[in-house]
Amino acid sequence: MKRFMYLLFFVLLAGVTYAQQAKYVFYFIGDGMGVNQVNGTEMYLAEQEGRIGVTPLLFTQFPAVGVATTFSATNSVTDSSAAGTALATGVKTYNGAIGMDDQKNVIQTVAERAKKAGKKVGVTTSVSVDHATPAAFYAHQPNRNMYYEIALDLPKANFDFYAGGGFLKPTTTADKKEAPSIFPIIEEAGYTIAKGVDDFKAKAAQADKMVLIQKDDANPSCLPYSIDRKDGDLTLAEITESAISFLTKGKNKGFFLMVEGGKIDWSCHSNDPATTFEEVIDMDNAIKVAYEFYKKHPKETLIVVTADHETGGLGLGTGKYELHLKALKNQKQSQDLLSVAITDLRKAKGHDVTWEDAKALLTEKMGFWKELPLTWEQEKLLRDEFEQSFVKNKVVFEETLYSKTEPLAASARKVMSQIAMVGWTSGSHTAGYVPVYAVGAGSKEFAGKYDNTEIPKRIAKVAGYK
């Protein structure tokens, strides 16, 4: 009888382990997406519907919810490479490191563990393929700015699918020397390079391994912001859909797929709230693609959503007990494209640009005056900047990590944040908690408060990677 009870116990234990095993793993990372980026997006959506409250994103409805700390080995405020390495390896490192510990030793990533376990592996992003977060899953370099060297690590990892905007330094080494293009090197390693979704669809069936990037005329550093998107632009949802179709073709032993919403961080560096909330919505749309897959394989699929750090110190409220997030819907494009429009106006009219010209542009792009009344102080801020940069011709561009902005565009963005009553403490990263959401096989592992290094460890445990 006792032997039977022991046997029954081990059978039940085996059953529990099997029930938690994740054959398919989606790992979504919203770069710069802190708690307020998520909460603000849901409140922004509700205000568009004419009500106060939240309109839930899909991923915030996942049953397991947690928060994670993000500090690096060298600072309480992490950079994206140290945070990406922590999320990829479960090990803290110094700011700037890619897939290495603080002694510059190579560390195995959860993606590499998945590959060793016989899974197909994909690493994807809305920014460049050689950027910090995606690089942390396949590359091992002492400095995140070694873009050429990072790209050379891509075929060495031998993953099945990569996707993003393109490559930042395809022919230039970290010490600024000309080098052989990475594209034929990647192709010689057995990869098919597809440029755009249509090219991917034409090539996918015959390809053993794939790199999906944008078309030749696109900016290789990133996909366009969601708010700026035109027909035919590659999207994060399309990348996710393409990755799933590629990773499930042929012998299907399961997969590990990392998807980064990389431009949430960029818009937060620019303190651009409308663009930020639209980027969070855009990542949610990519998560919806994964969720449709999950619904077909609910017992075998795990979806984890988190962030590498918070960017901008986003505050929802600036003094009064009010928010006016609905105002943000009047913004027609990102601060980056508003800056381009102002530069184009300067080029077209030279010294003949009038305040009325500038007002007309800001009315068209931001809704000022026509849809959004301005206070005397707000109009003075814009008028003073116009006088400085157009009349006195003293143009001092505002520079952040990912943008160089016309001063009038930067002032317009500040006015929009004031109207919406959104505050910013920084143009860089902060040490705030990041949220974690999970659904599917083993998702209970992701509830609670823990450090970001726990996330890849728990994914590996749930998926059975050794």
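Side-chain atoms are counted along with the backbone in the values below, which use heavy atoms only and exclude waters and symmetry mates. In this chain, numbering begins with 1 at the start of the sequence shown.
Taking both residues in full, the closest heavy atoms of K215 and K195 are given as CG-O, 3.8 Å, listed atom of the first, atom of the second, then distance. Pairing each heavy atom of L338 with each of A412, the nearest pair is CD2-CB, 4.0 Å. Of all non-hydrogen atoms in P170 and Y148, the two that sit nearest each other are O-CE1, 3.3 Å. Residues I186 and P155 come closest through the heavy atom pair CG1-CD, 4.4 Å. Nearest heavy-atom pair, V35 versus P435, reported as atom, atom and distance to 0.1 Å: N-CD, 3.9 Å. Closest heavy-atom contact between W424 and S417: NE1-OG, 3.2 Å.
Between the side chains of T133 and H131, not a single donor N or O lies within less than 3.5 Å of an accepting N or O.
In this structure, the side chain of K119 engages the main chain of K253 through a donor-acceptor pair within 3.5 Å. In this structure a side-chain-to-backbone donor-acceptor pair under 3.5 Å is missing from E300 to G440. Counting only distance, with no hydrogens or angles, the side chain of S245 and the backbone of S242 share a donor-acceptor pair below 3.5 Å. Side-chain atoms of D101 come within 3.5 Å of backbone N or O of N105 as a donor-acceptor pair. Between the side chain of Q214 and the main chain of D233, no donor-acceptor pair closer than 3.5 Å is present. A donor-acceptor contact shorter than 3.5 Å is absent between the side chain of N285 and the backbone of A237. Side-chain N or O atoms of E454 include none that pairs as donor or acceptor with a backbone N or O of A68 at under 3.5 Å. For the pair D130 (side chain) and L168 (backbone), a donor-acceptor distance under 3.5 Å is present. Proximity of a side-chain donor or acceptor of S339 to a complementary backbone N or O of Q335 within less than 3.5 Å is not detected. Within the 3.5 Å criterion, the main-chain N or O of Q333 finds no donor-acceptor partner in the side chain of D228.
Among residues two or more places apart in sequence or in another chain, the side chain to side chain donor-acceptor pair (under 3.5 Å) test is passed with T430 by E310. Every residue two or more places apart in sequence or in another chain that forms a side chain to side chain donor-acceptor pair (under 3.5 Å) with S270 is listed here: S403. Looking at residues two or more places apart in sequence or on another chain, you find no side chain to side chain donor-acceptor pair (under 3.5 Å) involving N330.
Contact check for E149 versus N143: no side-chain heavy atoms found under the 4.5 Å cut-off. A heavy-atom distance below 4.5 Å is not found between the side chains of E42 and T55. Put simply, the side chain of T275 does not reach to within 4.5 Å of the side chain of E278, judged on heavy atoms. In this structure, the side chains of F277 and S267 stay at 4.5 Å or more apart for every pair of heavy atoms. Looking only at side-chain heavy atoms (C-beta outward), S126 and W266 stay at 4.5 Å or farther from each other. Residues Y191 and I185 fail the side-chain proximity criterion, which asks for heavy atoms closer than 4.5 Å. T74 places none of its side-chain heavy atoms less than 4.5 Å from the side chain of D102. Contact of the V121 side chain with the F137 side chain is not registered, since no non-hydrogen atoms from C-beta on lie closer than 4.5 Å.
The OG1 atom of T41 sits 11.5 Å away from atom CG of D282, with the distance rounded to the nearest 0.5 Å. For the atom pair F28 CZ and E260 CD, the distance stands at 12.0 Å (nearest 0.5 Å). How far OG1 of T125 is from CG of L236: 7.5 Å, rounded to the nearest 0.5 Å. With rounding to the nearest 0.5 angstrom, the CG atom of D31 is 4.0 Å from the OG atom of S80. Between atom CD of residue Q141 and atom CD1 of residue I150 there is a gap of 6.0 Å, rounded to the nearest 0.5 Å. Note that NE2 of H324 and CG of L372 are 11.0 Å apart. Values are rounded to the nearest 0.5 Å.
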Full working for salt bridge (charged side-chain N to carboxylate O under 4.0 Å, His left out) between D153 and K156: CA-CA 5 Å; D153 279 349; K156 293 176 187 174; 3.6 Å; yes
Candidate pair D451 and K92, rule salt bridge (charged side-chain N to carboxylate O under 4.0 Å, His left out), full reasoning: CA-CA 10 Å; D451 188 62; K92 294 286 187 187; 3.0 Å; yes
Stepwise side-chain contact (heavy atoms from CB on, under 4.5 Å) check, L234 with V197: CA-CA 7 Å; L234 185 62; V197 170; 3.4 Å; yes
Test side-chain contact (heavy atoms from CB on, under 4.5 Å) applied to F200 and M210, step by step: CA-CA 8 Å; F200 166 78; M210 175 66 72; 3.8 Å; yes
CA sep, side-chain torsions, deciding dist, call: V415, M366, side-chain contact (heavy atoms from CB on, under 4.5 Å): CA-CA 10 Å; V415 169; M366 305 292 280; over 6 Å; no
CA sep, side-chain torsions, deciding dist, call: S334, D336, side-chain hydrogen bond (donor to acceptor under 3.5 Å, both in side chains): CA-CA 5 Å; S334 68; D336 290 6; 4.9 Å; no
E292/K295 under salt bridge (charged side-chain N to carboxylate O under 4.0 Å, His left out): CA gap, chis, key distance, verdict: CA-CA 5 Å; E292 287 303 310; K295 288 196 295 187; 3.0 Å; yes
N452/T306 under side-chain contact (heavy atoms from CB on, under 4.5 Å): CA gap, chis, key distance, verdict: CA-CA 9 Å; N452 59 0; T306 190; over 6 Å; no
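Remark: aromatic rings of F256 and F159 are distant, center separation not under 6.0 Å. A distance below 6.0 Å separates the ring centres of Y24 and F293.
Using the six-membered ring where Trp is involved, H269 and H429 have ring planes that are tilted, between 30° and 60° apart.
Dense packing is recorded around CD of Q418, with more than 12 heavy atoms of other residues, nucleotides or ligands lying under 6.0 Å away. Enclosure of atom NZ in K116 is not indicated, since only 12 or fewer non-hydrogen atoms of other residues, nucleotides or ligands lie within 6.0 angstrom. Surrounding NZ of K115 are more than 12 heavy atoms belonging to other residues, nucleotides or ligands, all under 6.0 Å away. Other residues, nucleotides and ligands contribute only 12 or fewer heavy atoms inside 6.0 Å of the OH atom of Y433. The number of heavy-atom neighbours closer than 6.0 Å to NZ of K209, taken from other residues, nucleotides and ligands shown, is above 12.
When the options V123, I303, I455, L302 are evaluated for a side chain to side chain contact (heavy atoms under 4.5 Å, CB included) with Y27, the one that passes is I455. Here the options are Y291, F255, Y437, the test is ring pair (Phe, Tyr, Trp, His ring centres under 6.0 Å), and the partner is F26; only F255 passes.
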